[in-house]
Amino acid sequence: MSAKPTCLIVASASAQGVSAKSFHQSFSLCASVFNLQTATPGGKPIDFIGVDESTARWVQDFNVKPYATPAKLESIDGARYQALLIPDCPGALNDLAHSGSLHRILTHFISQQKPVCAVGQGVSALCCATEGQRWIFSGYSLTGPSVFELVRRPDFANLPLIVEDFVKDSGGSYTASQEDAVHVVIDRHLITGQNMQSTSLAVNNLILLCSAK
């Protein structure tokens with residue numbers, strides 16, 4: 001039996017937080033397949049949002065585990081990981097979307113064609129990877145939250161970027177389905193899910209890509 005591959009789960013550390021449901025699904029699906037490492041900017045604890053009856057117990061249990069303490073994104077060496085996963089993080093727009101550390105990690109993943117999966121508002125984290133005027137995902141097809149989904153956010157008028165506009169302006173190809181519909185796009189080694197509802201399908205495709213390597 002070969003050793004398990006290692007997956008890096010990158011999460012936001014900003015006040016808008018990380019979707020408890022998306023993170024729970026991501027972590028639970030990946031735990032049996034990968035060795036997992038979580039990382040946030042500055043190694044700050046993950047602030048889960050949208051905790052409900054179905055996730056409250058899991059979040060409580062997760063927070064006392066040793067692996068619940070994230071590593072500092074700034075000190076992560078992308079070469080040590082075989083897969084990268086960014087769950088649905090409403091906070092990503094405020095930190096990951098302009099993270100130089102994540103840019104460095106994504107550049108390594110692109111150069112080695114390693115699987116990258118981003119879900120919902122976590123897709124905005126991919127926007128950090130611009131070199132000069134060029135986005136490293138230019139020419140890729142992807143999805144992310146639609147304007148119809150984002151407009152429900154109370155801070156919609158103040159969002160620093162809209163994924164759909166960024167992708168189209170930066171040479172990518174963007175598609176979306178109806179609001180809250182499951183929609184996943186796979187292009188080469190990049191997997192993106194439109195929203196929290198797409199988490200399970202996106203992550204299962206990440207697992208498939210890794211097992212096919």
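Keep in mind it's a predicted model, so treat the numbers as computed, not measured.
- For Arg153 (side chain) and Pro90 (main-chain N/O), a donor-acceptor pair under 3.5 Å exists by modelled atom type.
- Atom CG of residue Leu206 and atom OG of residue Ser26 lie 9.0 Å apart, to the nearest 0.5 angstrom.
- In this structure, the side-chain contact (heavy atoms from CB on, under 4.5 Å) partners of His24, at least two apart in sequence or on a different chain, are Ser28, Thr55, Trp58.
- With rounding to the nearest 0.5 Å, the separation of CZ in Phe137 from CZ in Arg188 is 10.0 Å.
- Rounding to the nearest 0.5 angstrom, the gap separating the OH atom in Tyr81 from the CD1 atom in Ile9 is 11.0 Å.
- Looking only at side-chain heavy atoms (C-beta outward), Pro115 and Cys210 come within less than 4.5 Å of each other.
- Atom CD of Gln133 has 12 or fewer heavy atoms from other residues, nucleotides or ligands within 6.0 Å.
- Checking side-chain atoms of Asn35 against main-chain N and O of Thr6 turns up no donor-acceptor pair under 3.5 Å.
- Considering only heavy atoms from C-beta on, Glu131 comes within 4.5 Å of Ile136 through its side chain.
- Taking every heavy atom of both residues into account, Leu150 and Phe156 meet most closely at O-CD1, 3.4 Å.
- For the atom pair CD of Gln82 and CD of Gln112, the computed distance is 11.0 Å after rounding to the nearest 0.5 Å.
- With values rounded to the nearest 0.5 angstrom, Ser173 atom OG is found 9.0 Å from Lys168 atom NZ.
- You'll find the ring centres of Trp135 and Phe166 inside the 6.0 Å limit.
- The backbone N or O of Lys44 lies less than 3.5 Å from a partner atom in the side chain of Thr40, making a donor-acceptor pair.
- In terms of heavy atoms, Ala92 sits closest to Ser124 at CB-OG, 3.5 Å.
- Annotation for Gln178: atom CD does not count as buried by contact number, only 12 or fewer foreign heavy atoms lying within 6.0 Å.
- You'll find the side chain of Cys128 reaches within 4.5 Å of the side chain of Leu106, heavy atoms only.
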Note to self: side-chain contact (heavy atoms from CB on, under 4.5 Å), that's the test. Do Asn63 and Ile46 meet it? Break it down for me.
What the structure shows: CA-CA 9 Å; Asn63 282 333; Ile46 297 170; over 6 Å; no
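- Side-chain N or O atoms of Glu74 include none that pairs as donor or acceptor with a backbone N or O of Pro41 at under 3.5 Å.
- Between atom CD of residue Gln121 and atom CD of residue Gln194 there is a gap of 11.5 Å, rounded to the nearest 0.5 Å.
- Evaluation of the salt bridge (Lys or Arg N to Asp or Glu O under 4.0 Å) rule for Glu149 yields no partner, not counting sequence neighbours.
- Lys72 is linked by a salt bridge (Lys or Arg N to Asp or Glu O under 4.0 Å) to nothing, counting only residues two or more places apart in sequence or in another chain.
- Under the 4.5 Å side-chain criterion, counting only non-hydrogen atoms from C-beta, Val185 is not in contact with Tyr174.
- Under the salt bridge (Lys or Arg N to Asp or Glu O under 4.0 Å) criterion, Arg80 pairs with no residue at all, not counting sequence neighbours.
- Checked by atom type, the side-chain pair Thr199/Ser22 shows a donor-acceptor distance below 3.5 Å.
- For Lys21 and Asp88, the salt-bridge test fails: no basic side-chain N is under 4.0 Å from an acidic carboxylate O.
- Look at Arg152 and Asp180 and you find a salt bridge, because one of the NZ, NE, NH1 or NH2 atoms lies within 4.0 Å of a carboxylate O, short of that distance.
- Shown here are the side-chain contact (heavy atoms from CB on, under 4.5 Å) partners of Phe148, two or more places apart in sequence or in another chain: Ser146, Glu179.
- Residues Ala202 and Val119 approach most closely at CB-CG2, 4.0 Å, considering heavy atoms.
- When all heavy atoms are compared, the tightest approach of Asp52 to Ser54 is OD1-OG, 2.7 Å.
- Shown here for Pro145 and Gly120, the closest heavy-atom pair between the two residues is CD-O, 3.2 Å.
- Salt-bridge formation is not detected for the pair Lys65/Asp61: no Lys NZ or Arg NE/NH1/NH2 atom is positioned less than 4.0 Å from an Asp or Glu carboxylate oxygen.
- In this structure, the side chain of Asp155 does not engage the main chain of Asn158 through any donor-acceptor pair within 3.5 Å.
- By the 4.5 Å heavy-atom criterion applied to side chains, Cys30 and Leu85 are counted as neighbours.
- In this structure a side-chain-to-backbone donor-acceptor pair under 3.5 Å is present from Ser14 to Gly91.
- Side-chain contact between Leu73 and Val10 is present, with at least one heavy-atom pair separated by less than 4.5 Å.
- Ring orientation note: the planes of His189 and Tyr140 are nearly perpendicular, at an angle over 60° on the 30°/60° scale.
- At a threshold of 4.5 Å between non-hydrogen side-chain atoms, the residues Ser12 and Asn94 do not count as touching.
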Practice task
Decide yes or no on side-chain hydrogen bond (donor to acceptor under 3.5 Å, both in side chains) for Thr143 and Thr192, but give the supporting numbers first.
Solution key: CA-CA 6 Å; Thr143 185; Thr192 47; 5.7 Å; no
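- Side-chain contact between Phe34 and Ile207 is present, with at least one heavy-atom pair separated by less than 4.5 Å.
- Legend: ring-ring contact (aromatic ring centres under 6.0 Å, His included) pairs involving residues 86-114, not counting sequence neighbours: none detected.
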